[in-house]
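Notes to accompany the following structure.
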Amino acid sequence: MNMHSATRPVKTTCPYCGVGCGVLATPTPQGGLTIAGDPDHPANFGRLCVKGQALGETLGLQGRLLSPQIAGRNVGWDQALQTVADRFADTIARHGPDSVAFYVSGQLLTEDYYVANKLMKGFVGSANIDTNSRLCMASSVAGHRRAFGSDTVPGLYEDLEQADCVVLVGSNLAWCHPVLYQRLAAARQARGTRVVVIDPRRTATCDIADLHLPISGAGDAAIFNLLLAELDRRGLIPADAPVDGLPEALRAARATSADGLGIPDPELQRFFDLWCDNPRVVTVYSQGVNQSDCGTDKVGAILNCHLATGRIGRPGMGPFSVTGQPNAMGGREVGGLANMLACHLDIENPAHRDAVGAFWKAPNMACEPGLKAVQMFDAVEQGKIKALWIICTNPAMSMPDADRVARAIRGCDFVVVSDIMARTDTTELADVLLPATGWGEKDGTVTNSERRISRQRRSLAPAGQARDDWRILAEVGRRMGWQQAFNWSHPAQVFAEYAALSGIAGKLGSDFDISDCAGIDPAEYEAMQPFSWPRAGARQGGRFFGDGIYHRPNGRAQMVAVTPQAAPVQDFRLNTGRVRDHWHSMTRTGLSPRLSRHLAEPYLEIHPDDAARLGLTAAGLAEVATPQGRAVLRVMISDRVGRGRPFAPMHWTGQVAPTGRVNALVPPVVDPISGQPASKSAPVTIRPFHVSWYGFAVAGRAMRPDCDYWATARLDGGHQAELAGVEPVTDWAGMAAALFGLNSEPIIVEDTRRGVARVAFVEDGRLQAALFVAPRPVALSRSHVTAAMSGGDAADILAGYPGAGRVDAGAIVCACAAVGVNTITQAIRSQHLVSVDQIAAALGAGANCGSCRPEIAALIAQITARA
Ligand SMILES: Nc1nc2c(c(=O)[nH]1)N[C@H]1C(S)=C(S)[C@@H](COP(=O)(O)OP(=O)(O)OC[C@H]3O[C@@H](n4cnc5c(=O)[nH]c(N)nc54)[C@H](O)[C@@H]3O)O[C@H]1N2
Ligand SMILES: Nc1nc2c(c(=O)[nH]1)N[C@H]1C(S)=C(S)[C@@H](COP(=O)(O)OP(=O)(O)OC[C@H]3O[C@@H](n4cnc5c(=O)[nH]c(N)nc54)[C@H](O)[C@@H]3O)O[C@H]1N2
Ligand code: SF4
Ligand SMILES: [Mo]
């Protein structure tokens, strides 16, 4: 046990995005943590975005899974673990090793990942272990391996600060990697870095862009092909570039047409000029590239330009695939994908297999790649996989064709889910639930986007009976009969074993060699400082490939001939992705009122022309459908998205908004090489969803909505719900009582002719709950009503707006200081504020974590442009 004294901060790492910020977590007397950025951590130097800052609000016991369960009933660990071990052993004995599977996560710690991978690939004897990184990084992994011979990220974060031009392709860095974005924004301010954004949406990231290319089709490969041809035309490809395949790649590039890109020629030429004229250029790319049916080729087209010009692995130069999850990179290093082995070794290479098998003393070394995520859930559906263990991921909402995936999981003979939360879309389908320790409760390591390994350190006691994921896995391994192989008692021992294996990998030519950590003991592990690999030689802690030597047998890089596919002709292709303040299925960020303020409802962002054509009205509802499923989403009309390219966020789940699950719509189409799903281009049909009433409700406790559309969110002091129904309702008081579970006498204000009603439950002058209904989307000040829940004045609540003399803050822009759009707009107009810093000084908005600064800047630009 290493509980820390109450006053000393524990140095740990943020559990959200792949930037991997260092966090100082100081235990409070109340049993929580105060959170601050770690000024010494080289990823963030003290900065944290709003999600990191709000970590303290997500650590309570509410909603946590506190005990193992079988069939919904609490059981002891012994019974749960024995059941898991027996059922897996029995299934393997009867149907062979390939009848079982693990589906794991880039949010596991490296130690967890190592144990899961060892158990499945070395001892069960199957490679049916895949991870949600298949939905995330697989195309980058495949692209890297094809080009470099290894899955190596060449550069470092400081390259974004040293570059003269940074191109962001399919990356909304401002919202998804906020601290890295802030580092880039600061560098741009200091030295005038030119920034290009290639994204069909005008995202918050475009706030710092000199050029935004809103490509329409799957145009990324075409743009980079055209760039390659241009680089050649301008004589920027040296004759002795250490690459194979240049002539073929150039031939394909020259054959590429700019038609159908949707980018006017002068804009394209500006992009070429910026890229060609600035040798220090970094191309950052993320899910707009990876999550595509041609993702590996998009990666290939980007890498081609850097390889041909040698702009790679040197200060301020290189392609940079940013990882999403906190340990997406660690999972790749540890071989978490079904087609990889630990330490960047290759499961299809017999020498690699033998070496790993010998090191593990593995009785049943897997000898071929296992099923990739989409195939794995197909096999579950077909009954070929009869025992499935899902750890630290929520596939019933995050996989494409999510309704079918949920049915497949439900139909599987034996399903184990390890999670920190009791109720998720996936835990609801399990036979056995195993409570895992969450962030703050466990010890281990993670690797961030720039290959930096940092410690997550424990500062809280485990919730209930929760246990560390690696301990659970190791115990099952021991109970399946492999005592020696899974006999660790401290995470440092797991890490040391992994480091020792990497030494063997290094001798086989792997870039991933951290074998100088092989002797690490618990005290050294406790004291570990963040470090980057490679650990040895001239490259130590630095970049790869600047010397022109790659990991292919002849030492040269492989360029690929990419033939861009024409985008399918389709009226509407649904783009999906992330919002600023939520994390995936919201099991943690959804607990924070602060993080729920920014966007509290699932929505469809759609171009004004499309909305007009379809008869959609602002704040009304839209029904979106595909052959796979349907969703009902709030309409947000905006020209930030292109025509035919509406956008919906991925975060909403059956727990908080049953019709808001966008993956119910996404077809299971994958990239043929990487197996990564094309999550950003579902062909959809859209029509208005007609309802006879809309409602908005607030309450001190959780609500039980029962209507055609609903979405709930956390507030300070309670919950809120957006509601709507197709059938008319006559008894609003009765409906409110059922919704709130209250049977006291409500105050009712009703205008039956206009179909408007307001129902409030007040006790001792304090508002308990209120429901507002109208035949049109309920127009009232959400921030005013929700403020009443955290102790505001219940008297004027039924008005829906603040009384005379008080300002309605409007939709919240700055989550930290709770400053709304109306307040900011008014301040810009009345005080003639022209910069974000002035707003920060006047209102406090944007002064803390900085996550909202792009939106404040956009407001200033909008208002000053109009004036
Ligand atoms: N706030 C927040 N941050 C996160 C996460 C989160 O859940 N919330 N999740 C983390 C994870 S796991 C990941 S993987 C990262 C993802 O980080 P990002 O990849 O930056 O995020 P996304 O919103 O998925 O998609 C990025 C952009 O791709 C664009 N796009 C769609 N189709 C195309 C296309 O064909 N071409 C191009 N060029 N662009 C396209 C979308 O419009 C979108 O703006 O974020 C990480 N950070
Ligand atoms: N349409 C669409 N779909 C997408 C994407 C998209 O852009 N569009 N993006 C894809 C991408 S890039 C990703 S990464 C995935 C993410 O999708 P998921 O991985 O399915 O989403 P999360 O909500 O992060 O799931 C993590 C789960 O682990 C639990 N958990 C948290 N900490 C721990 C722990 O320490 N141990 C255990 N055992 N459990 C824990 C959480 O409560 C939660 O249930 O979604 C993918 N799906
Ligand atoms: S940028 Fe934000 S979410 Fe990402 S690691 Fe840093 S604090 Fe966490
Ligand atoms: Mo991801």
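Hydrogens, waters and symmetry mates play no part in the numbers below; they use all other heavy atoms, side chains included. All ligand and atom numbering here is 1-based and tracks the order in the structure.
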(message) Taking distance alone, with N or O pairs closer than 3.5 Å, would you say Ser418 contacts ligand 2?
(response) yes
(request) Give the residue and atom name of whichever protein heavy atom lies nearest to atom 44 (O) of ligand 2, and the separation in Å to one decimal. (result) Asp419 OD2, 2.6 Å
(request) Evaluate the side-chain hydrogen bond (donor to acceptor under 3.5 Å, both in side chains) criterion for residues Thr445 and Glu111: first the C-alpha distance (whole Å), next the side-chain angles of each, then the deciding distance (0.1 Å), finally the verdict. (result) CA-CA 7 Å; Thr445 54; Glu111 292 74 6; 2.9 Å; yes
(message) At less than 4.0 angstrom from any non-hydrogen atom of Ala436, what atoms of ligand 2 do you find?
(response) 36 (N), 37 (C), 38 (N)
(request) Do me a favour and list the nearest non-hydrogen protein atom to atom 16 (C) of ligand 2 with residue, atom name and distance? (result) His584 ND1, 3.4 Å
(request) Show your reasoning for whether side-chain contact (heavy atoms from CB on, under 4.5 Å) applies to Asn327 and Thr447. (result) CA-CA 5 Å; Asn327 201 27; Thr447 314; 4.0 Å; yes
(request) For Arg714 and Arg594, indicate whether the former's side chain and the latter's backbone hold a donor-acceptor pair under 3.5 Å. (result) no
(request) Could you tell me whether Asp468 and Lys442 have a side-chain N and a carboxylate O separated by less than 4.0 Å? (result) no
(request) Answer yes or no as to whether an N/O/S atom of Cys21 is found below 2.8 Å from atom 4 (Fe) of ligand 3. (result) no
(message) I'd like to know if Arg64 pairs up with Glu441 as an ion pair, taking the criterion as any Lys NZ or Arg NE/NH1/NH2 lying under 4.0 Å from an Asp or Glu carboxylate oxygen.
(response) yes
(request) Just jot down the ligand 3 atoms closer than 4.0 angstrom to any heavy atom of Cys17, in number order. (result) 1 (S), 3 (S), 4 (Fe), 5 (S)
(request) Any atoms of ligand 2 less than 4.0 Å from a non-hydrogen atom of Ile420? List them with their elements. (result) 30 (N), 31 (C), 32 (N), 33 (C), 34 (C), 39 (N), 40 (C), 42 (O)
(message) As an exercise, identify every atom of ligand 2 less than 4.0 angstrom from a heavy atom of Asn394.
(response) 18 (P), 20 (O), 25 (O)
(request) Before accepting this row, confirm whether a basic side-chain N of the pair Arg455/Asp443 lies closer than 4.0 Å to the acidic partner's carboxylate O. (result) yes
(message) Among all protein heavy atoms in this structure, tell me which lies nearest to atom 23 (O) of ligand 2, with the distance rounded to 0.1 Å.
(response) Ser585 OG, 2.4 Å
(request) Can you sort out which atoms of ligand 3 are near Gly20, meaning under 4.0 Å from one of its heavy atoms? (result) 5 (S)
(request) Under 4.0 Å from a heavy atom of Trp583: give me the atoms of ligand 2 that qualify, with their elements. (result) 24 (O)
(message) Show the atoms of ligand 2 that are less than 4.0 angstrom away from any heavy atom in Lys442.
(response) 34 (C), 35 (O)
(message) Ring-plane angle category for Phe102 and Trp389, please: parallel below 30°, perpendicular beyond 60°, tilted otherwise.
(response) perpendicular
(request) Can you figure out which of Asn575, Leu434, Thr576 has its heavy atom closest to atom 8 (N) of ligand 2? (result) Thr576
(message) Students should be able to answer this: which protein heavy-atom is nearest to atom 3 (N) of ligand 2, and at what distance?
(response) Asn663 ND2, 2.9 Å
(message) For Thr437, state whether at least one heavy atom is located under 4.0 Å from any atom of ligand 2.
(response) yes
(message) Distance under 4.0 Å to a non-hydrogen atom of Met421: what atoms of ligand 2 satisfy this?
(response) 42 (O)
(request) Show your working on side-chain contact (heavy atoms from CB on, under 4.5 Å) between Leu168 and Asp199 and close with a plain yes or no. (result) CA-CA 8 Å; Leu168 296 147; Asp199 192 308; over 6 Å; no
(message) Is the contact between Thr587 and ligand 2 made by the side chain, the backbone, both, or neither, using heavy atoms and a 4.0 Å cut-off?
(response) side chain
(request) Return a yes/no value for Trp439: is any of its N or O atoms, backbone included, closer than 3.5 angstrom to an N or O of ligand 2? (result) no
(request) Could you find the nearest protein heavy atom to atom 40 (C) of ligand 2 and give me its residue, atom name and distance? (result) Cys392 SG, 3.4 Å
(request) Any atoms of ligand 3 less than 4.0 Å from a non-hydrogen atom of Val179? List them with their elements. (result) 1 (S), 6 (Fe)
(request) Apply side-chain contact (heavy atoms from CB on, under 4.5 Å) to Asn448 and Met329, showing your working. (result) CA-CA 6 Å; Asn448 74 3; Met329 189 73 95; over 6 Å; no
(message) Between ligand 2 and Gln325, is the shortest N or O to N or O distance under 3.5 Å?
(response) no
(request) Give a yes/no verdict on whether any heavy atom in Met397 is under 4.0 Å from an atom of ligand 2. (result) no
(request) Compute the minimum heavy-atom distance from Leu48 to ligand 3 and say whether it is under 4.0 Å. (result) yes
(message) Among all protein heavy atoms in this structure, tell me which lies nearest to atom 24 (O) of ligand 2, with the distance rounded to 0.1 Å.
(response) Gln107 NE2, 2.7 Å
(request) Identify, for atom 5 (C) of ligand 2, the protein heavy atom at the shortest distance, and state residue, atom and that distance. (result) Gln291 NE2, 3.4 Å
(request) Pick out which of Met636, Arg634, Arg645 makes a side chain to side chain contact (heavy atoms under 4.5 Å, CB included) with Glu605. (result) Met636
(message) Do the side chains of Asp207 and Arg853 get close enough for a salt bridge, i.e. N-O under 4.0 angstrom?
(response) no
(message) Is it the case that ligand 2 has an N or O less than 3.5 angstrom from some N or O of Thr424?
(response) no
(request) Among all protein heavy atoms, pick the one closest to atom 7 (S) of ligand 3 and tell me residue, atom and distance. (result) Cys49 N, 3.5 Å
(message) With nothing but distance in play, are any N or O atoms of Arg578 less than 3.5 Å from an N or O of ligand 2?
(response) yes
(request) Look at ligand 2 and say whether Lys680 reaches it with a heavy atom at a distance under 4.0 Å. (result) yes
(message) Is there a polar contact, in the sense of an N or O pair closer than 3.5 Å, between Ser105 and ligand 2?
(response) no
(request) Pick, from Pro677, Ser398, Ser133, the option with the minimum heavy-atom distance to atom 17 (O) of ligand 2. (result) Ser398
(message) Under 4.0 Å from a heavy atom of Tyr16: which atoms of ligand 3 are those, numbered in the order shown and with their elements?
(response) 3 (S)
(message) For atom 36 (N) of ligand 2, what is the closest protein heavy atom, and at what distance to 0.1 Å?
(response) Asp469 OD2, 2.8 Å
(request) May I have the step-by-step check of salt bridge (Lys or Arg N to Asp or Glu O under 4.0 Å) for Arg467 and Glu475, ending in yes or no? (result) CA-CA 11 Å; Arg467 289 191 185 176; Glu475 179 65 32; 5.6 Å; no
(request) Answer yes when Arg630 and Asp403 have at least one side-chain N-carboxylate O distance shorter than 4.0 Å, and no when they do not. (result) no
(message) Met399 vs Tyr103, test: side-chain contact (heavy atoms from CB on, under 4.5 Å). Steps then yes/no.
(response) CA-CA 12 Å; Met399 285 285 294; Tyr103 182 63; 3.7 Å; yes
(request) Using a strict 4.0 Å cut-off to heavy atoms of Asn132, name the atoms of ligand 2 that fall inside it. (result) 19 (O)
(message) Suppose I only count heavy atoms of Cys136 and a 4.0 Å limit; which atoms of ligand 2 are within that range?
(response) 12 (S), 14 (S)
(request) Could you grab the distance from atom CD of Gln53 to atom CG of Asn848, nearest 0.5 Å is fine? (result) 4.0 Å
(message) For Cys14, which part has a heavy atom under 4.0 Å from ligand 3: side chain, backbone, both, or neither?
(response) side chain
